[in-house]
Amino acid sequence: MGESESKLFPARIWPYLVLTAIGGAVALFSPFAGGGIFMLGYIGIAVVSPPVALALYILLAPFPLGVVLHHHKFYISDLMAIVLAVWLLAKSWRQGLQSVWSTFMVRDYQNPLILLLGLSVLSLAVSWSRVGTTIKILEYVEFFVVMAALFRYTSFNSPKVRNFYVIVLALTVSLVTLYGLYQFMFQLGPAANTVDVHHVRATAFFGQPNVFGAFNDMTFPMLLALIAFGSDQLPKRWLTAALAISALGVVISYSRGSWVADAAAVFFMGVVVWSTKGRQVLKKFSVLGIGIPIFMFFVVMVLGKLDLSHTAISMAYQKNTLERLRTSLTALFNPAGHYDTNQRLLIWKAAIDAIKTHPWLGVGLGNFHLYIQKFPPKGLGAIPPMAHNLYLEWGADLGVGGIIAGLWYEWRWIKTALTLLRAKSQRLSTDLYAWVLGGFGTFVAFIVHDWVDFMIDHGVIVPLLLALGIVAAIATQVRAEKS
């Protein structure tokens, strides 16, 4: 199972890396020609060193590289996933159809995933946009079948590959967040995103601050666990810097969902560490997991006093970091008094109405935005692209069964991680424990944040897919050693 420990960058990979770089440069002037050159090089990389090809997927997925065809965005990462899927299919096909199934349908999560995908296919029968639903189904297959299987397969019993992936993820998050900081400081964004008078909520390349925040909040728990408990083979000083940058990204997103997601992740990770390792090992974990985010809140409060924009902003946009924190609490008790919260409630009401009127198969995967466009609730300011709640989105798109399948799927993530952490913690090496703990934290961050947003999209979901694959790889490794 999986790739053996081999050199990540063999000599014959360099011509292909150069070719992909040339393709990327040409794409700046001719997207189709450059994309073709890039993919020729990428195919060579996938054949020579699949982990490097996967690392390039991690690196490039958050960037909006691609073309628009028939009103749908097709990313270069979609083509990369197809190439990697073909490679993994060829590897598993040699052992027969049973091997193909067990390779792509990760055992630890397969039953609820089959139900979720099955309902998605059935929803085509009633879909309000069959093209849109088909594209969404292909996205789900790319993310939860292909990429999760690839991360699992290539990282099985391979610490070097796992470490390589997280280093590339840390680099990617850092680059994205530093660009987000640049936006925040120089107020490079729409007036609707203005905060603290002379700044804007960071979005980086995601175009939306909540998604930018989610990319950081799902990465933070993984880095935290690896720094606190991971192998000394990891560059922990660099990862600590990346951890601080990701915490900064969470703060400057001004996404309440991201703030709560990481608070929940750190809390539940702490509970797990206490129950499995004892109270005495919590100190470093707590300093990193609690101290760094608090410090970054103070940093952003100071940065908020700087005016590098030199623009006159309406008094309506003067909410600073402390006020954002305060209103996050007051919105819970007086949602009608907060515009953003009130809009969320209207969207959720529309999603519930969609579930009531289409309880069996929904309106088709990815089609809730069409429903709310046709039946907008009174007082809605603008038509949203999704339900701002993953679970209500699944319900509206796929019917009641979609909510059941989604919650069951997420429960299997948590159950797999907790089973390893609680029952197997004495058998797990410190390094494997750190990986499973980090994956658990990423699961929690995703699950919590998606109560107020929808984060199944290109780039933002990469930390979750990496966590899914590596936790499943460790579970497979533990089962193999036990037998």
Side-chain angles (χ1 to χ4, degrees), residues 8 21 24 51-52 54-65 77 151 162-186 188-189 199-228 230 233-255 258-259 261-262 265-266 288-289 291-300 303 434-435 438-439 441-442 445-446 449 455 458-467 470:
L8 286 172
V52 173
L54 259 176
L56 280 175
Y57 180 94
I58 296 172
L59 180 65
L60 296 179
F63 300 94
L65 304 172
S77 58
F151 283 124
R162 288 195 296 268
N163 293 348
F164 180 52
Y165 288 157
V166 80
I167 290 169
V168 174
L169 177 62
L171 172 64
T172 305
V173 170
S174 298
L175 292 174
V176 169
T177 301
L178 290 175
Y179 179 67
L181 178 63
Y182 171 68
Q183 291 177 315
F184 171 77
M185 293 303 300
F186 290 91
L188 303 178
H199 304 271
V200 295
R201 300 172 63 189
T203 63
F205 306 97
F206 294 107
Q208 216 275 351
N210 294 318
V211 183
F212 170 82
F215 187 52
N216 283 279
D217 73 48
M218 283 191 280
T219 303
F220 182 85
M222 189 181 299
L223 297 180
L224 171 60
L226 292 173
I227 295 165
Q233 299 299 314
L234 287 164
K236 292 194 176 182
R237 289 185 178 179
W238 151 238
L239 291 183
T240 302
L243 179 76
I245 293 172
S246 68
L248 176 65
V250 171
V251 179
I252 61 175
S253 72
Y254 283 81
S255 168
S258 286
W259 294 356
D262 266 351
V266 171
L288 293 169
I292 287 180
I294 291 175
F295 176 72
M296 284 304 168
F297 268 103
F298 282 108
V299 168
V300 172
L303 294 177
W435 271 108
T442 296
F446 176 87
H449 191 156
M455 295 304 163
H458 289 81
V460 63
I461 202 171
V462 166
L464 175 68
L465 301 180
L466 180 59
I470 290 181

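Treat the numbers as computed from the prediction; the structure is a model and nothing was measured.
The shortest heavy-atom contact between F206 and V211 is CD2-CG1, 3.6 Å. Between I58 and P62 the shortest heavy-atom distance is O-CD, 3.4 Å. Here the closest non-hydrogen pair linking W435 and I470 is CZ3-CD1, 3.5 Å. The two residues A244 and M296 make their nearest non-hydrogen contact at O-CE, 3.5 Å.
In this structure F186 satisfies the ring-ring contact (aromatic ring centres under 6.0 Å, His included) test together with Y182, sequence neighbours excluded. For the ring-ring contact (aromatic ring centres under 6.0 Å, His included) test, no residue two or more places apart in sequence or in another chain qualifies with Y57. Partners of D262 according to the side chain to side chain donor-acceptor pair (under 3.5 Å) rule, which considers only residues two or more places apart in sequence or in another chain, do not exist here. In this view, L303 and L181, F184, M185, V299, L306 satisfy the side-chain contact (heavy atoms from CB on, under 4.5 Å) rule, not counting sequence neighbours. Legend: residues meeting salt bridge (Lys or Arg N to Asp or Glu O under 4.0 Å) with R162, ordered by chain and number and at least two apart, are D431. Partners of S77 under the side chain to side chain donor-acceptor pair (under 3.5 Å) rule, at least two apart in sequence or in another chain, do not exist in this structure.
Of the residues listed (I252, V200, T203), the one engaging P209 in a side-chain contact (heavy atoms from CB on, under 4.5 Å) is T203, and it is the only one.
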Can you list, pair by pair, the side-chain donor-acceptor contacts under 3.5 Å of residues 165-173, counting residues two or more places apart and other chains?
unit_1: Y165; atom_1: OH; unit_2: T154; atom_2: OG1; d: 2.7
unit_1: T172; atom_1: OG1; unit_2: V168; atom_2: O; d: 2.8

Indicate every side-chain donor-acceptor pair of residues 216-224 with a distance under 3.5 Å to a residue at least two apart or in another chain.
unit_1: N216; atom_1: OD1; unit_2: T177; atom_2: OG1; d: 2.7
unit_1: N216; atom_1: ND2; unit_2: T177; atom_2: OG1; d: 3.4
unit_1: N216; atom_1: ND2; unit_2: F212; atom_2: O; d: 3.0
unit_1: D217; atom_1: OD2; unit_2: S258; atom_2: OG; d: 2.8
unit_1: D217; atom_1: OD2; unit_2: H449; atom_2: ND1; d: 2.9
unit_1: T219; atom_1: OG1; unit_2: F215; atom_2: O; d: 2.8

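Under the side-chain hydrogen bond (donor to acceptor under 3.5 Å, both in side chains) criterion, no residue pair touches residues 239-253, with sequence neighbours excluded.
The backbone N or O of A202 sits nowhere less than 3.5 Å from a side-chain atom of Q183 that would complete a donor-acceptor pair.
Distance check, rounded to the nearest 0.5 Å: CG of L239 to CD1 of I245 gives 11.0 Å. For the atom pair I292 CD1 and L243 CG, the distance stands at 4.5 Å (nearest 0.5 Å).
Between P64 and H458 there is no side-chain heavy-atom pair separated by less than 4.5 Å.
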